[in-house]
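FYI, side chains are in, hydrogens and waters are out, and symmetry mates aren't considered; it's all heavy atoms of this structure. Values in this document were obtained by computation on a predicted structure and should not be read as measured data.
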Amino acid sequence: MRDYLTALARGDAAAALRAGPRPASTTFLTDEVLREQQGLAKLTDIAIGNAAQDPDDNTRTLVDARVTWGSMHRS
């Protein structure tokens, strides 16, 4: 999660794509799109918390993550 969010904040689509499973479409995950997004609302203050196996799906891991996207705080 940290690698993915950090890559997004850097505008590095290739690194973000390497950080997890390949999405069905990469149309909106390109360096150009990330640069434009960062120009509108920077992704900052990345904080990664605990990780735990999803009790409903043992193939998934749940991760506490918080970021600031522009002026909005997300978790």
Participant: Just wondering, do I46 and T6 contact through their side chains at under 4.5 Å, heavy atoms?
Facilitator: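 Yes, at least one pair of side-chain atoms sits under 4.5 Å.
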Participant: Step by step, work out the side-chain contact (heavy atoms from CB on, under 4.5 Å) result for Q37 and W69.
Facilitator: CA-CA 10 Å; Q37 178 272 314; W69 201 330; 2.4 Å; yes
Participant: For the pair Q38 (side chain) and A9 (backbone), establish whether a donor and an acceptor sit closer than 3.5 Å, ignoring hydrogens and angles.
Facilitator: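 Yes, the answer is positive, given that a donor and an acceptor are paired below the 3.5 Å cut-off.
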Participant: Using a 4.5 Å cut-off on heavy atoms from C-beta on, say whether the side chain of T68 contacts that of L43.
Facilitator: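 Of all side-chain heavy-atom pairs linking T68 with L43, none is under 4.5 Å.
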Participant: Verify, without hydrogens or angle tests, whether Q53 (side chain) and T61 (backbone) share a donor-acceptor contact under 3.5 angstrom.
Facilitator: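 Not at all, since once roles are kept as given, no pair shorter than 3.5 Å links the two residues.
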Participant: Per the side-chain contact (heavy atoms from CB on, under 4.5 Å) rule, which among V33, T26, L34 passes with T30?
Facilitator: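 For T30, the side-chain contact (heavy atoms from CB on, under 4.5 Å) check succeeds only for V33.
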Participant: Hey, are the side chains of L5 and V67 touching, using non-hydrogen atoms and a 4.5 Å cut-off?
Facilitator: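 L5 reaches V67 side chain to side chain.
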Participant: Kindly compute the distance separating CG (L29) from OG1 (T27), expressed to the nearest 0.5 Å.
Facilitator: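 Reported to 0.5 Å precision, the distance equals 10.0 Å.
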Participant: Do other residues, nucleotides or ligands put more than 12 heavy atoms under 6.0 Å from the CG atom of D54?
Facilitator: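 Yes, enclosed.
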Participant: Between D45 and R66, is any pair of side-chain heavy atoms under 4.5 Å apart?
Facilitator: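 No, their side chains stay 4.5 Å or more apart.
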Participant: What are the two closest heavy atoms between A15 and R10, and how far apart are they?
Facilitator: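 Nearest heavy atoms, A15 then R10: CB-NH2, 3.5 Å.
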Participant: Look up atom CG in L62 and atom CE in M1, then write down how far apart they are to the nearest 0.5 Å.
Facilitator: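 Answer rounded to 0.5 Å: 9.5 Å.
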